[in-house]
Amino acid sequence: MANSQTEKQVRVRFAPSPTGFLHIGGARTALFNWLYARHTGGKFLLRIEDTDAARNTQEAVEVILTGLRWLGLDWDEGPLTGDATAAGKGECGPYFQSQRGENYRQRVAWLLERGLAYEHEGAVKFRMPREPVIIPDLVVGKVTRELTDRERLDPDFVIVRSDGQPVFHLVNVIDDLEMGITHVIRGEDHLSNTAKHIALFRAFGVEPPQYAHIPLILNIDGSKMSKRDKGASLLSYIEEGFAPEAVANYLCLLGWSPKGNREMVPLAEVVGLFDLPQILRHNARFDLNKLHWLNGEYIKVMSPERFRELAAQALLRLGIDTSRFEAGYVRAALDTAKQKVKQFNEVKHFAAFYFRDNLEFDNEALRTELLAADRKLVTKLRDALALVAPWDAKTSETAVKATATELGVKIGALVHPLRVACSGSTVGPSLYHALEVLGRERVLQRLDWVLQQPVPGA
RNA sequence: GACCCUAUCGUCUAGCGGUUAGGACACCGCCCUUUCACGGCGGGUGCACGGGUUCGAUUCCCGUUAGGGUCGCCA
């Protein structure tokens, strides 16, 4: 824990460009920054790098804010909404680069006056040192960045375009400087560029912040994850029914370990364990299987109330509005799915049938198979269930088993058609509990529907 | 082309000179069972390669290979 008396307080930032979506790798970068701020008792800032004004929209910024909030990452300073012109929270604003043009102009003039930068064909170029730059990095170690062959030809680089727009390297450094950033935690793709940033800081007469370049997240096959790849957007995990705590936990496990053979570690606990030097140096591949498992673990320990809330949202995405049903029915129905699903989209298979008048069958073959089932067995089963009293899981189970015994068939011969007739699927929650929830009326209706259909091929 | 980073099961990782190389996901059997899932038991799979250093290398050094990144008037 940093001592505020002797050390300056940690100030870190996440500085995304509003491109219309939040990259999963960017989300992890934000997470690591947030963790470090919370671990040290420092500040976590959010800054929007919207210098490319033509492409950036307020909606694109909202995507970032929504994503971070969904993950549970709150920022101490930064924008409150996607409106770049609105006031943000904090003393170092504006937190949108599009609103900081004057700061950049003054800094560039300052460099120009001292000959640290010069005009070239309408643009402004920065005089880069010809010597190798040493980059001290908390994760990677000390990196000596030699010039590439192209840089040997001309090491200077453009900091203001001929149209007057300042470029990324410049504004990024000025903002970090003016916002008092102490640690720059960002993707390793910026490591080589850091030499430029360090040189810029020194030109402005200040020592650069400490750097921590974290490894990248790759696709499961080891290729780099681009915007096009499925699963590259945080939004896709929201839409596919993952719980934010599971996604956050999984992201922590990529490039960092809580040690002690632990996998499931709540974010609040990670805050205490997390630190920069123990971050791994190699890239990690994103394993959807493991996220899926972890999500299931979180669902298991989730409160029934929260499970119902998230499950209802997933059903709504399927066009099923559970609020139109009686609250007790909805609760009982969703509760039968809680120990079954690992991902909220799976409620499609485990609970959607409770709320549909006309069943959707998993596939046409299943429907045909059901219609071709032995009508005599189904009829006997229907009649037995019609007499069950009182109607609950226990009594219906007894009735099904008794009917099987009476007919001299295995219980599976009845259970299978019954499940498909009631749910449209071969997989689902505990059958007898589902029967109890559905109620005798719905169950008999669904069995009667089967019995009324013409037998295929007959 | 140049420069930078990296390298433990298929994947995420523990390991920081001497271990039967541990855990998790995934996978394969068996048990449980009304389906699926859970749970229980069991199983296989790994230190990229080649040189050093050392009594001894997964661990330290060098090289090779492979993967990733950067060298823009993109961010």
Which nucleotide in the list [options] gets nearest to the side chain of [X]?
{"X": "A/Arg161", "options": "B/rA75, B/rC5, B/rU11", "value": "B/rA75"}
{"X": "A/Ile220", "options": "B/rA7, B/rC3, B/rU11", "value": "B/rU11"}
{"X": "A/Glu49", "options": "B/rA75, B/rU11, B/rG67", "value": "B/rA75"}
{"X": "A/Arg150", "options": "B/rG72, B/rC5, B/rC12", "value": "B/rG72"}
{"X": "A/Leu191", "options": "B/rC4, B/rA75, B/rC73", "value": "B/rC4"}

Please report, rounded to the nearest Å, how far the [atom2] atom of [N] is from the [atom1] atom of [X].
{"X": "A/Asp163", "N": "B/rC74", "atom1": "CG", "atom2": "C1'", "value": "12 Å"}
{"X": "A/Lys125", "N": "B/rC73", "atom1": "NZ", "atom2": "P", "value": "7 Å"}
{"X": "A/Lys196", "N": "B/rC4", "atom1": "NZ", "atom2": "C1'", "value": "13 Å"}

Which value, in whole Å, describes the distance between the [atom1] atoms of nucleotides [N] and [M]?
{"N": "B/rA66", "M": "B/rU54", "atom1": "C1'", "result": "29 Å"}
{"N": "B/rG22", "M": "B/rC3", "atom1": "C1'", "result": "38 Å"}
{"N": "B/rC62", "M": "B/rA26", "atom1": "C1'", "result": "37 Å"}
{"N": "B/rG51", "M": "B/rU65", "atom1": "C1'", "result": "14 Å"}

Do A/Asp335 and A/Arg308 sit within salt-bridge range, that is, some charged N less than 4.0 Å from a carboxylate O? yes

OP1 or OP2 of B/rA75 under 4.0 Å from side-chain N/O of A/Thr51: yes

Under 4.0 Å between a side-chain N or O of A/His190 and OP1 or OP2 of B/rC4? no

How about [X] and [Y]: are their ring centroids closer than 6.0 Å?
{"X": "A/Tyr237", "Y": "A/Phe286", "result": "yes"}
{"X": "A/Phe44", "Y": "A/Tyr36", "result": "no"}
{"X": "A/Phe32", "Y": "A/His183", "result": "no"}

So, is the end of the A/Arg100 side chain (NZ or CZ) under 6.0 Å from the ring centre of A/Phe96 and within 45° of the ring's axis? no

Of A/Glu146 and A/Lys259, the one whose closest RNA chain B nucleotide lies more 5': A/Glu146

Once salt bridge (charged side-chain N to carboxylate O under 4.0 Å, His left out) is applied, do any residues pair with A/Lys125, and if so which ones, sequence neighbours excluded? A/Asp154

If you measure from OG1 on A/Thr336 to NE2 on A/His433, what distance do you get to the nearest 0.5 Å? 9.0 Å

Rounded to the nearest 0.5 Å, what's the gap from CD1 on A/Ile214 to CG on A/Asn33? Could you check? 7.5 Å

Can you tell me if A/Asp175 and A/Tyr104 form a side-chain donor-acceptor pair at under 3.5 Å? yes

Between the base of B/rC3 and the side chain of A/Ser192, is there a donor-acceptor distance below 3.5 Å? no

Per-nucleotide protein contact along nucleotides 22-38 of chain B, 5' to 3', at a 4.0 Å heavy-atom cut-off (B base, S sugar-phosphate only, - neither), is BBBBS-------BBBBS

A/Lys227 and A/Ala232: which non-hydrogen atoms are nearest, and at how many Å? O-CB, 4.2 Å

Please list, in numerical order, the residues of residues 369-394 of chain A that have a heavy atom closer than 4.0 Å to any atom of RNA chain B. none

